Amino acid sequence: MLKKLLLATLVAATALCASAEKKPSKAQIHLRSGQVVTGTITDRDERVVTITNDADGVSYHYTMDEINYIDHLTKKKNYDTSKFRGFIDLGYSMGVGEPRNDYWLVETSFGYAFTPRTYLGAGVAIHNFKEVMKSFPLYWDQSGTNAGRHNDPAWRYPFIPFYLEGRYSFMNESKHTPFVSMKVGGTFINHKGFFASPTLGYHFATNEFFSFNVGVCYELQTADYKLWCSGDSPSAIKDDTGKTYLKKSQAFHNLCIKVGVEF
């Protein structure tokens, strides 16, 4: 059921991306000469803006050197002037390979946009693991028969990764645009390990307060843990309660679908 839901979500996100049109946007271009041109922006790149003037219906081309700033009249957030960004994403992640463990997630990021296309920030997430029965190491007993109990008590708590995020949008975010991002960090609470997550997504410009994002990503999470064992096991360590364990580490590989808001 979850696989079907994930597939349906991916198909819907792809359809939204494919159907997104580059609609002309109403704007006022404030030139360095003091002139203000009101009209519809019909084309734009990093060097030249083309606008059809409402006054005479003629299209004019202005270089970025001639433009002081652009005031978008569509009531969408102006990412030309907005520098501080915040992201909140919700999603579901499905494990790949063994061990395979799924989790719900909440991920945040707050930072600075150095250009209308580039962003660098930092964030924290909560990954609430849902153990898959007979999936090592979350469920395991000392005899190795997968009796269905937690091996390391720390697994009952979520992973809380801290990370830096870099993001690049292929067009100005004042319009709909695809983007890529990369998160790199680690977990230090409840579990200790490395975290990395590349994302491919699409940004939907909506209004002057926030925008929507959808994305698919791969997430790598490593974790150190205790594998309870019998006292005669090689390299066994005894804890304060008299139980013995082995120090182990594990890498989790997950594919994730996320939806979120940007403000």
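The shown structure was predicted, so the numbers you read here are calculated from the model rather than taken from an experiment.
The minimum heavy-atom distance linking Ile41 with Ala27 is given by the pair CD1-CB, 3.6 Å. When all heavy atoms of Phe110 and Gly86 are compared, the closest pair comes out as CD2-CA, 3.7 Å. Scanning all heavy atoms of the two residues, the minimum distance from Asp45 to Val48 falls at OD1-N, 2.7 Å. The shortest non-hydrogen separation linking Asn172 to Pro116 is ND2-CB, 3.4 Å. Here the closest non-hydrogen pair linking Thr52 and Gly57 is CG2-O, 3.7 Å.
Under the 3.5 Å distance criterion, the side-chain polar atoms of Thr222 are left unmatched by any main-chain donor or acceptor of Gly193. The backbone N or O of Gly39 sits nowhere less than 3.5 Å from a side-chain atom of Asn53 that would complete a donor-acceptor pair. Between the side chain of His191 and the backbone N or O of Ala223, no donor-acceptor pair lies under 3.5 Å.
Residues Phe212 and Val259 have side chains not in contact (no heavy-atom distance under 4.5 Å, counting atoms from C-beta outward). Residues Tyr168 and Arg117 form a side-chain contact, since some pair of their non-hydrogen atoms from C-beta on lies under 4.5 Å apart. Residues Tyr103 and Phe252 fail the side-chain proximity criterion, which asks for heavy atoms closer than 4.5 Å. Using a 4.5 Å cut-off on side-chain heavy atoms (C-beta onward), Trp104 and Leu90 make no contact. Side-chain contact check for Met94 versus Leu255: every heavy-atom pair is 4.5 Å or farther apart. With a 4.5 Å cut-off on side-chain heavy atoms, Tyr218 and Val96 do not count as touching. In this structure the side chain of Met171 reaches within 4.5 angstrom of the side chain of Pro178, judged on heavy atoms. Inter-residue side-chain proximity for Ile67 and Leu31 is flagged as met; some heavy-atom pair is nearer than 4.5 Å.
Clustering of Ile, Leu, Val, Met, Phe, Trp and Tyr side chains at separations under 4.5 Å places Tyr119 together with Phe87. Within the hydrophobic cluster formed by Ile, Leu, Val, Met, Phe, Trp and Tyr side chains joined at under 4.5 Å, directly or through other members, Val124 is accompanied by Ile160, Phe162, Phe188, Ile189. The hydrophobic side chain of Tyr69 is isolated, with no ILVMFWY side chain under 4.5 Å apart from it.
Annotation: salt bridge (Lys or Arg N to Asp or Glu O under 4.0 Å) contacts involving residues 254-263, sequence neighbours excluded, comprise Arg85-Glu262, Glu107-Lys258, Arg167-Glu262. Applying the salt bridge (Lys or Arg N to Asp or Glu O under 4.0 Å) definition to pairs two or more places apart or across chains, those involving residues 48-58 are Lys26-Asp54.
The side chain to side chain donor-acceptor pair (under 3.5 Å) check on Asn254 picks up Ser93, with sequence neighbours excluded. Residues meeting the side chain to side chain contact (heavy atoms under 4.5 Å, CB included) test with Tyr112, sequence neighbours left out: Lys83, Phe84, Phe114. Taking the side chain to side chain donor-acceptor pair (under 3.5 Å) definition, one finds that Thr177 meets it with nothing, sequence neighbours left out. Ala122 is linked by a side chain to side chain contact (heavy atoms under 4.5 Å, CB included) to Leu164, counting only residues two or more places apart in sequence or in another chain. Applying the side chain to side chain donor-acceptor pair (under 3.5 Å) criterion to Thr63, with sequence neighbours excluded, gives Glu66. Not counting sequence neighbours, the partners of Ser197 by the side chain to side chain contact (heavy atoms under 4.5 Å, CB included) test are Lys183, Phe195, Thr199, Cys217, Glu219. Residues passing the side chain to side chain contact (heavy atoms under 4.5 Å, CB included) test with Asp43 are Thr50, sequence neighbours excluded.
Residue Thr38 holds its OG1 atom at 9.5 Å from CD1 of Ile29, rounded to the nearest 0.5 Å. Taking CE from Met64 and CZ from Arg44, the interatomic distance works out to 5.5 Å, rounded to the nearest 0.5 Å. Distance check, rounded to the nearest 0.5 Å: CG of Leu220 to CZ of Phe194 gives 6.0 Å.
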- [ ] In sequence, state the C-alpha distance, the side-chain angles, and the governing distance for His176 and Tyr202, and then conclude on side chain to side chain donor-acceptor pair (under 3.5 Å).
- [x] CA-CA 7 Å; His176 300 334; Tyr202 205 88; 5.9 Å; no
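Linking ILVMFWY residues whenever their side-chain heavy atoms come closer than 4.5 Å, directly or via other members, places Ile70 and Val37 in the same cluster. Clustering ILVMFWY residues whenever any of their side-chain heavy atoms sit less than 4.5 angstrom apart, transitively, puts Phe159 in a cluster other than the one holding Val106.
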